[in-house]
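Quick note: numbers below take in every heavy atom, side chains included, and nothing from hydrogens, waters or symmetry partners. Ligands are counted one by one from 1 in listed order, and the atoms in each one are counted from 1 as well.
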Amino acid sequence: MRAAWYERNGPARDVLTVGELPTPSPAPGEVRVRVAVSAVHRCDTRKRRGTSGSVMRFPRIIPHDDGAGVIDAVGRGVDARRLGQRVWVYLAQSYRPFGTAAEYTVVPDPQAVALPAGVPFDQVAGLGRPGITGHRAILGDGTVVGQTVVVTGALGSVGRSSLAVGRRAGATVIAAVRQDAQVARALAAGAHHAVDLASGRVARRILELAPGGVHRVADCAFADNLATWLETLAYGGTIATYANGRSRAPVPFRSLAVKNVTVHFLGNDDFPDDANHAAAVDLTAALCAGDLCFPKVRSFALDDIVEAHEAAEQPATRGRVVVTP
Ligand SMILES: NC(=O)c1ccc[n+]([C@@H]2O[C@H](COP(=O)([O-])OP(=O)(O)OC[C@H]3O[C@@H](n4cnc5c(N)ncnc54)[C@H](OP(=O)(O)O)[C@@H]3O)[C@@H](O)[C@H]2O)c1
């Protein structure tokens with residue numbers, strides 16, 4: 001099969017190779033997917049660069065965790081009726097050597113999620129990592145029915161997923177964006193309310209919307225935004241966070257303790273399987289209902305994977321980059 005791989009960490013141009021590799025066969029409990037679209041997330045480019053603590057766990061790595069395509073072979077123990085099914089795939093290269101940047105990828109059966117007709121592959125190819133993270137940020141600490149949740153980075157991939165999951169799960173969702181011009185877009189993306197974190201009066205505005213305080217925050221920049229949550233969280237509230245932001249301020253232990261705040265640090269490679277499966281079901285339903293959609297992606301041929309990785313590393317693309325094997 002045609003595939004892209006690297007055998008050492010480094011810049012895309014120095015380490016990525018495209019060529020022929022043996023087509024993999026599914027082991028018991030696995031399915032093989034003929035990949036239509038393979039997503040390039042920034043965590044894929046960080047793993048390839050060897051930054052953020054990434055190391056070469058295997059001598060050769062086919063990159064990319066997420067993708068979409070059609071099941072064309074099943075291993076022993078997998079329902080043969082899955083053959084021919086359209087699917088989206090998550091965490092293909094998490095703790096495994098071979099991801100989706102190839103004509104074929106092999107994943108455990110539950111990590112290939114059935115995709116109803118009509119949902120285009122490029123809408124779901126990049127869903128796995130951000131979608132499942134956004135889902136867990138909202139629901140990883142129990143029900144949000146009747147609660148108020150704040151979602152930062154609401155127009156990003158994780159944030160859009162959190163907005164959709166929160167709204168569908170019965171919460172009142174306040175999107176927190178960083179520019180006034182994004183407020184209308186966040187409302188259009190599904191938020192009940194939207195506030196501008198940079199306005200200088202964001203805490204007051206959130207407390208006007210949630211006078212008893214916010215129950216849960218799904219936050220993309222823990223250290224940058226913590227002061228706002230200390231002002232606006234209800235007693236016993238939860239901050240679920242999946243990235244730190246730029247601030248290096250010390251953790252204000254006493255202020256968090258006084259409010260009995262739960263801080264849930266999320267690492268998507270290590271969520272429990274049942275949380276991943278529940279997220280996959282909910283996210284697929286949200287997509288099919290039209291409650292979750294993502295901006296258009298930039299698409300590259302597999303042969304141009306170097307350019308695809310370089311594009312994904314640019315802030316402007318927001319990681320919405322795919323390759324088509
Ligand atoms: N821990 C995990 O398992 C996990 C999983 C998935 C993603 N992540 C990480 O989470 C981050 C977001 O991922 P993504 O896919 O959603 O990225 P994305 O699509 O690029 O969106 C990032 C969003 O975060 C906003 N943002 C950035 N810094 C902010 C800050 N200090 N305060 C408030 N908002 C801020 C951006 O707003 P602007 O429009 O104003 O720039 C944008 O809306 C990335 O660093 C990614 O690597 C971690």
* Determine, considering heavy atoms only, which of Asn225, Asp44, Thr228, Ile132 sits nearest to atom 32 (N) of ligand 1. => Asn225

* OG1-CZ distance between Thr241 and Phe222, expressed to the nearest 0.5 angstrom -> 6.5 Å

* Under 3.5 Å, N or O to N or O, is Ala243 touching ligand 1 that way? -> no

* Asked: Going by atom types only, do Tyr235 and Asn260 share a side-chain donor-acceptor pair under 3.5 Å?
  -> yes

* Has the side chain of Asp66 got a donor or acceptor atom that lies under 3.5 Å from a matching backbone atom of Arg129? -> yes

* Should Cys220 be listed as contacting ligand 1, given a heavy-atom distance under 4.0 Å as the test? -> yes

* **Proximal atoms of ligand 1 relative to Gly153 (non-hydrogen, under 4.0 Å)** => 23 (C), 24 (O), 25 (C), 34 (N), 43 (O)

* Shortest heavy-atom approach to atom 3 (O) of ligand 1 - which of Leu197, Asn268, Asp224, Asp269 -> Asn268

* Quick check: does Arg46 get an N/O under 3.5 Å from an N/O on ligand 1? -> yes

* Taking side chain to side chain contact (heavy atoms under 4.5 Å, CB included) as the test, write out the residues that go with Ala184, two or more places apart. => none

* Residue part near ligand 1, for Thr133, under 4.0 Å between non-hydrogen atoms -> side chain

* Asked: Would you say the side-chain atoms of Arg216 pair up with the backbone N or O of Ile138, donor to acceptor, closer than 3.5 Å?
  -> yes

* Do Asp224 side-chain atoms and Ser247 backbone N/O form a donor-acceptor pair below 3.5 Å? -> yes

* Of Gly159, Ser157, Cys43, which has the heavy atom at the shortest distance from atom 15 (O) of ligand 1? -> Ser157

* **Heteroatom distance test (Thr152, ligand 1): nitrogen or oxygen, under 3.5 angstrom** => no

* For ligand 1, which atoms sit closer than 4.0 Å to a heavy atom of Arg42? -> 17 (O), 18 (P), 20 (O)

* Can you find a non-hydrogen atom of Gln182 under 4.0 Å from ligand 1? -> yes

* Any N/O of Phe271 closer than 3.5 Å to an N/O of ligand 1? -> no

* Cation-pi, Phe121 ring and Arg86 (6.0 angstrom, 45 degrees) -> yes

* **Test item, Gly267 contacting ligand 1 (heavy atom, 4.0 angstrom)** => yes

* Give every residue pair that meets the ring-ring contact (aromatic ring centres under 6.0 Å, His included) criterion with at least one member in residues 44-81, sequence neighbours excluded. => His64-His309

* Structure fact -> Only one of Val113, Val33, Val37 passes side-chain contact (heavy atoms from CB on, under 4.5 Å) with Trp88, and that residue is Val113

* Asked: When you measure from the centre of the six-membered ring of Tyr6, is the NZ or CZ of Arg48 under 6.0 Å away and within 45° of the axis?
  -> no

* Asked: What atoms of ligand 1 come closer than 4.0 angstrom to any heavy atom of Leu266?
  -> 1 (N), 2 (C), 3 (O)

* Short N or O distance, Tyr242 and ligand 1, threshold 3.5 Å exclusive -> yes

